[in-house]
Amino acid sequence: MTAIQPSPIQELSAKNDVEFNNVFRDNHLRLFHYSLQLVGDREDALDITQETFLRLHRHWARRDESRPVVAWLYAIARNLAIDQLRKRGTRNETEEDPNLADTANRSPEQTAADAAVRKRLWAAINELPTPLREVILLKDWHGMRYAEIAEITGTNTTTVTSRLYEARQRLRKQLRGYL
Amino acid sequence: MTTKQTPQEIELLISAYLDGELTQAEVQRVRLLLEDRADYRQVYEEMQRLQQLTHSLPMRNPPDERMQAIEQQLAVAAPRRIGFWALWGGLLLWAVYLAVLFINNLRVPTIAEALVGLVAFGLVALFASVAIQRYRELPHDRYRRVRK
């Protein structure tokens, strides 16, 4: 019985394809949401998501495996979003649909109250300056660690710590009476 | 941490404590402060509620068909890249062929010679790109050629 082993290139190519597909499957929705939070327009967010994965795919075989892929992915999307915003000159408000919220085990009154708070919170987040808005969403919505946020935003963890604090202070002020 | 800290510095620590980003010594300090001071406890609880609310903000998903289209585009991106390199490789070979003709004969190649070279190297480039693509698409099954 003779077995012909696949060549190293073949094995590497197959491994790369599987890993890339996993990254796409695990991150495409959150990347779309991140892009939408940055540019506030669904079509632009879809274009950014598509272009981000195309760029990632282009450099996938030559990637630095010691660098976290998710942070790299978000950093590409962020750069594309900044370019898009520069071209457009304005940023739309990120849309929010209170009807999408989980209303299980909630009374109609509680559901209505939650929707009102969320609406107010979205408005307050949208009023934040971009550097503060992006750190609060990366931390509290996407659940990133400080080191990942620093990598994505091209800053350091000290800056992330102070921006998060500043963002939270402003949001607490805006939502006084609701928290 | 022996120096006196301002309320802003302590609130900044509380914010980082909420995120689990403090050192063990800082965690101990914040825990003591939260036990002792109702005003800092209130700050912590408000930040915590804010974090929960932000985390639960709903966002619409993109249409499935658009995401599938992106996935398909990624699947064809690799063959397109091979075609791009094959095109440039073929053109480079053609240019080298024309240069060799020029050096050997000490005259500008005729249109017929240039066209023959173009067609020949075009076919080579096409064959190479198809061969590379077929090679990449081979099933990556370790046992596919095992004799029964």
Side-chain angles (χ1 to χ4, degrees), chain A residues 1-6 9-11 13-15 17 20-21 24-25 28-29 32-33 36-37 42 45-46 49-50 53-54 57-58 94-102 114 117-118 121-122 125 136-137 139-141 143 145-146 157 160-162 164-166 168-169 171-172 175-176 178-179, chain B residues 8-22 42-78 80-81 84 132 135-148:
Chain A
M1 214 155 79
T2 313
I4 296 176
Q5 300 289 327
I9 292 176
Q10 224 174 318
E11 279 193 336
S13 167
K15 185 171 164 266
D17 287 350
F20 183 83
N21 288 340
F24 180 81
R25 205 174 314 118
H28 69 281
L29 280 180
F32 166 78
H33 289 136
L36 182 58
Q37 286 159 1
R42 290 176 71 80
L46 278 165
T49 306
Q50 176 172 325
F53 278 106
L54 281 172
H57 190 263
R58 212 172 293 150
T94 307
E95 59 188 305
E96 188 257 345
D97 185 352
N99 299 322
L100 288 171
D102 182 10
D114 284 354
V117 176
R118 288 197 180 97
L121 177 58
W122 260 135
I125 289 173
I136 196 84
L137 287 171
K139 180 74 208 81
D140 290 349
W141 203 89
R145 308 286 305 171
Y146 283 13
T157 52
V160 172
T161 310
S162 60
L164 263 171
Y165 168 65
E166 178 65 27
R168 283 175 176 152
Q169 286 298 86
L171 292 177
R172 279 177 61 218
L175 274 86
R176 189 143 292 156
Y178 289 88
L179 296 173
Chain B
Q8 282 77 21
E9 284 168 339
I10 290 169
E11 286 178 8
L12 188 138
L13 277 181
I14 291 172
S15 170
Y17 170 75
L18 183 71
D19 297 327
E21 298 273 355
L22 293 183
Q42 190 187 345
V43 170
Y44 174 72
E45 281 162 8
E46 285 182 4
M47 284 184 180
Q48 195 177 35
R49 171 90 176 117
L50 197 58
Q51 190 173 54
Q52 287 162 352
L53 277 171
T54 309
H55 185 69
S56 67
L57 283 175
M59 287 196 78
R60 277 198 206 108
N61 283 342
D64 282 346
E65 60 272 16
R66 287 298 301 270
M67 278 297 161
Q68 281 162 7
I70 292 175
E71 207 170 354
Q72 278 165 8
Q73 190 161 3
L74 287 169
V76 297
R80 200 186 297 154
R81 234 176 37 236
F84 175 80
I132 293 168
Y135 176 75
R136 290 182 65 158
E137 285 170 0
L138 280 175
H140 301 290
D141 179 359
R142 192 176 280 267
Y143 300 107
R144 70 195 161 84
R145 288 187 191 166
V146 174
R147 273 192 215 134
K148 286 181 183 167

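Sequence lines set the chain letters: A, B, ... in the order given, protein chains first and strands last, and positions in each chain run from 1.
Residues A:H33 and B:N61 are in side-chain contact: their nearest non-hydrogen atoms beyond the backbone lie under 4.5 Å apart. Contact check for B:V43 versus A:R172: side-chain heavy atoms found under the 4.5 Å cut-off. No side-chain heavy atom of A:H28 sits under 4.5 Å from any side-chain heavy atom of B:I70.
Contacts between A:R25 and chain B at a heavy-atom distance below 4.5 Å are absent for every atom of the residue. Neither the backbone nor the side chain of A:T157 comes within contact range of chain B; no heavy atom of the residue lies under 4.5 Å from a heavy atom of that chain. In this structure, chain B has no heavy atom under 4.5 Å from any part of A:V160. No part of A:E166 comes within reach of chain B, as not one of its non-hydrogen atoms sits under 4.5 angstrom from that chain. Contact of A:F24 with chain B is made through the side chain alone, with heavy-atom distances under 4.5 Å. Proximity to chain A (any heavy atom under 4.5 Å) is shown, for B:I14, by neither the backbone nor the side chain.
The two residues B:L57 and A:W141 make their nearest non-hydrogen contact at O-NE1, 2.9 Å. Between B:P62 and A:F32 the shortest heavy-atom distance is CD-CD2, 3.4 Å. Across every non-hydrogen atom of B:P58 and A:R118, the tightest pair is CD-CD, 3.7 Å. For the residue pair B:A16 and A:T161, the shortest heavy atom distance occurs at CB-CG2, 4.2 Å.
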Tell me, with the steps shown, if A:L36 and B:R60 meet side chain to side chain contact (heavy atoms under 4.5 Å, CB included). CA-CA 10 Å; A:L36 182 58; B:R60 277 198 206 108; over 6 Å; no
If you apply the rule side chain to side chain contact (heavy atoms under 4.5 Å, CB included), what do you find for A:L175 with B:E46, and how did you get there? CA-CA 10 Å; A:L175 274 86; B:E46 285 182 4; over 6 Å; no
Stepwise side chain to side chain contact (heavy atoms under 4.5 Å, CB included) test for B:R66 and A:R42: CA-CA 11 Å; B:R66 287 298 301 270; A:R42 290 176 71 80; over 6 Å; no
Chi angles and distances behind the side chain to side chain contact (heavy atoms under 4.5 Å, CB included) call for B:L50, A:L121: CA-CA 9 Å; B:L50 197 58; A:L121 177 58; 3.9 Å; yes
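Taking A:L46, A:L171, A:I136, A:L29 one by one and counting their heavy-atom pairs under 4.5 Å with chain B, the maximum is reached by A:L46. Counting heavy-atom pairs under 4.5 Å between each of B:Q48, B:E45, B:M47 and chain A puts B:M47 at the top.
Atom CG of residue B:L53 and atom CD1 of residue A:I125 lie 9.0 Å apart, to the nearest 0.5 angstrom. Summarising the geometry, atom OH belonging to A:Y165 is positioned 14.0 Å from atom CG belonging to B:D19; distances are rounded to the nearest 0.5 Å. The structure places CE of B:M67 at 7.5 Å from CZ of A:F53, a figure rounded to the nearest 0.5 Å. For the atom pair CD (A:Q169) and CD (B:Q8), the distance works out to 8.0 Å, reported to the nearest 0.5 Å.
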